[in-house]
Visitor: 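Below you will find the structure I want to go over with you.
The model shown is predicted, which means the values in this text are computed figures rather than measured ones.
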Amino acid sequence: ICGEHGTSFHRQLLKSASGNKEVWQCRVYRDRGRAACSAPQLYTTELDQVMARIFDRLAQDKQAIIDAVMALLQAVPDEHDYTQDLHRIEKDLSAIQAKKDRLLEMSIEGIISMAEFKQRNDGFNDQVRLLEEKRTALQAEAEKGRRTATQLEEIRTVLEQELSFQNGVNSALVTTILDHIVVKKCSTKEVLHLDIHLKFGGPWGAVFDREKSSFRCTPSL
């Protein structure tokens with residue numbers, strides 16, 4: 001947000017021989033030019049560096065954060081407990097098998113004809129097939145919902161990589177805590193002065209010196 005006009009910055013791609021660069025420009029500047037707004041444009045790469053530094057300051061004890069997330073994941077139960085559903089299907093299958101056994105006895109004893117036996121037995125077999133298909137589908141869903149030790153370790157590895165910022169800061173991670181950034185009126189093309197407002201806690205102040213390729217971030221009082 002432009003500190004001079006209170007208007008939003010808009011995304012722009014600048015093409016160059018080295019590839020496209022994503023920048024952010026004040027809407028007033030884009031509509032009316034430099035004479036109407038002195039706010040410098042911001043490079044996404046610069047903002048990523050600033051946000052990575054803030055994340056690093058917020059997450060001083062990364063291991064404690066990772067352990068807390070893992071404990072939370074392990075404590076959350078699966079959305080649906082399939083045990084009762086599977087038990088009910090097994091009970092129904094047993095009941096149908098008992099009926100099939102009784103049907104066979106009736107056929108042997110001559111109580112029912114072979115034609116009636118076949119008709120009723122085919123009906124039982126259809127019920128068994130449907131129940132077995134449902135059981136297979138439920139077992140597959142239960143397996144997908146089960147968090148294995150391997151999956152949890154994969155999650156831990158990803159968290160460690162993301163919080164190390166070895167590959168830069170993840171934009172989705174930034175979205176979780178960033179509310180908005182104000183480009184202060186005192187900013188120049190050489191030195192950016194930013195007020196960074198998070199979704200929790202107080203704002204942060206950042207000064208980015210482009211000539212020295214350095215910056216500092218401090219919590220605002």
Visitor: With heavy-atom distances below 4.5 Å as the criterion, would you say the side chains of Met51 and Ile196 are in contact?
Guide: yes
Visitor: To the closest 0.5 Å, what do you measure between CD (Glu132) and CZ (Arg129)?
Guide: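 Spacing of CD (Glu132) from CZ (Arg129) equals 9.5 Å.
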Visitor: State the CG-CG distance between Asn121 and Asp126, to the nearest 0.5 angstrom.
Guide: 10.0 Å
Visitor: To the closest 0.5 Å, what do you measure between CD1 (Ile1) and OG (Ser8)?
Guide: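 Between atom CD1 of Ile1 and atom OG of Ser8 there are 7.5 Å.
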Visitor: Is Gln12 close to Leu14 at the side-chain level, that is, under 4.5 Å between some pair of heavy atoms?
Guide: yes
Visitor: Please tell me if the side chains of Lys15 and Lys21 come closer than 4.5 Å, counting only heavy atoms from C-beta onward.
Guide: no
Visitor: Between the main-chain N or O of Ala39 and the side-chain N or O of Arg34, is there a donor-acceptor pair closer than 3.5 Å?
Guide: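 Yes; judged by distance alone, with no hydrogens or angles, the pair exists.
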Visitor: Rounded to the nearest 0.5 Å, how far apart are CG of Leu93 and CZ of Phe124?
Guide: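 The distance works out to 13.0 Å.
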Visitor: Side-chain contact, heavy-atom cut-off 4.5 Å: Val182 with His197?
Guide: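 They are in side-chain contact.
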Visitor: Met106 and Leu104: same hydrophobic cluster, using ILVMFWY side-chain contacts below 4.5 Å?
Guide: yes
Visitor: Within the structure provided, determine whether Leu138 and Ile89 are in side-chain contact (heavy-atom separation under 4.5 Å).
Guide: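 Yes, close enough: below the 4.5 Å cut-off.
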Visitor: Within this structure, what is the CD-CG distance for the pair Gln97 and Leu103, rounded to the nearest 0.5 Å?
Guide: 11.0 Å
Visitor: Do any side-chain atoms of residues 40-47 form donor-acceptor pairs under 3.5 angstrom with protein atoms, and if so which ones, sequence neighbours left out?
Guide:
{"residue": "Gln41", "atom": "OE1", "partner": "Gln25", "partner atom": "NE2", "Å": "2.7"}
{"residue": "Thr44", "atom": "OG1", "partner": "Glu22", "partner atom": "O", "Å": "3.4"}
{"residue": "Thr44", "atom": "OG1", "partner": "Glu22", "partner atom": "OE1", "Å": "2.6"}
{"residue": "Thr44", "atom": "OG1", "partner": "Trp24", "partner atom": "NE1", "Å": "2.9"}
{"residue": "Glu46", "atom": "OE1", "partner": "Tyr43", "partner atom": "N", "Å": "3.4"}
{"residue": "Glu46", "atom": "OE1", "partner": "Arg210", "partner atom": "NE", "Å": "3.4"}
{"residue": "Glu46", "atom": "OE1", "partner": "Arg210", "partner atom": "NH2", "Å": "2.9"}
{"residue": "Glu46", "atom": "OE2", "partner": "Arg210", "partner atom": "NE", "Å": "2.9"}

Visitor: Does Glu109 CD have over 12 foreign heavy atoms under 6.0 Å away?
Guide: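 Yes - once you tally the heavy atoms of other residues, nucleotides and ligands closer than 6.0 Å, there are more than 12.
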Visitor: If you measure from the Lys or Arg side-chain nitrogens to the Asp or Glu carboxylate oxygens, is any gap between Glu4 and Lys184 under 4.0 Å?
Guide: no
Visitor: For a 4.5 angstrom cut-off between non-hydrogen side-chain atoms, does Arg53 reach Gln49?
Guide: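 No, their side chains stay 4.5 Å or more apart.
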Visitor: Check whether any side-chain heavy atom of Glu190 sits under 4.5 Å from a side-chain heavy atom of Asp209, and report yes or no.
Guide: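 No, too far: nothing below the 4.5 Å cut-off.
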Visitor: Any heavy-atom pair between the side chains of Val191 and Phe208 that's under 4.5 Å?
Guide: no
Visitor: Could you grab the distance from atom OG of Ser107 to atom NZ of Lys118, nearest 0.5 Å is fine?
Guide: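 Spacing of OG (Ser107) from NZ (Lys118) equals 12.5 Å.
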Visitor: Please confirm whether the backbone N or O of Ala36 pairs with a side-chain atom of His5, one donor and one acceptor, at under 3.5 Å?
Guide: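 Between the backbone of Ala36 and the side chain of His5 there is a qualifying donor-acceptor contact (under 3.5 Å).
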Visitor: Looking only at heavy atoms, which two atoms of Ala206 and Val50 are closest? And how far apart?
Guide: CB-CG1, 3.9 Å
Visitor: Test the Arg27-Phe9 pair against the cation-pi criterion, namely NZ or CZ under 6.0 angstrom from the six-membered ring centroid and within 45° of the ring axis.
Guide: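 Judged by the rule (NZ or CZ under 6.0 Å from the ring centre, within 45° of its axis), Arg27 is not positioned above Phe9.
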Visitor: Any carboxylate oxygen within less than 4.0 angstrom of a Lys/Arg side-chain nitrogen, looking at Arg88 and Asp92?
Guide: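 Here Arg88 does not pair with Asp92 in a salt bridge, since their nearest N and O are not under 4.0 Å apart.
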Visitor: Check step by step if side chain to side chain contact (heavy atoms under 4.5 Å, CB included) holds for Leu194 and Val183.
Guide: CA-CA 5 Å; Leu194 310 175; Val183 182; 4.0 Å; yes
Visitor: Just do the side chain to side chain contact (heavy atoms under 4.5 Å, CB included) check on Arg11 and Leu13 with the steps written out, would you?
Guide: CA-CA 7 Å; Arg11 178 178 177 271; Leu13 281 180; 4.0 Å; yes
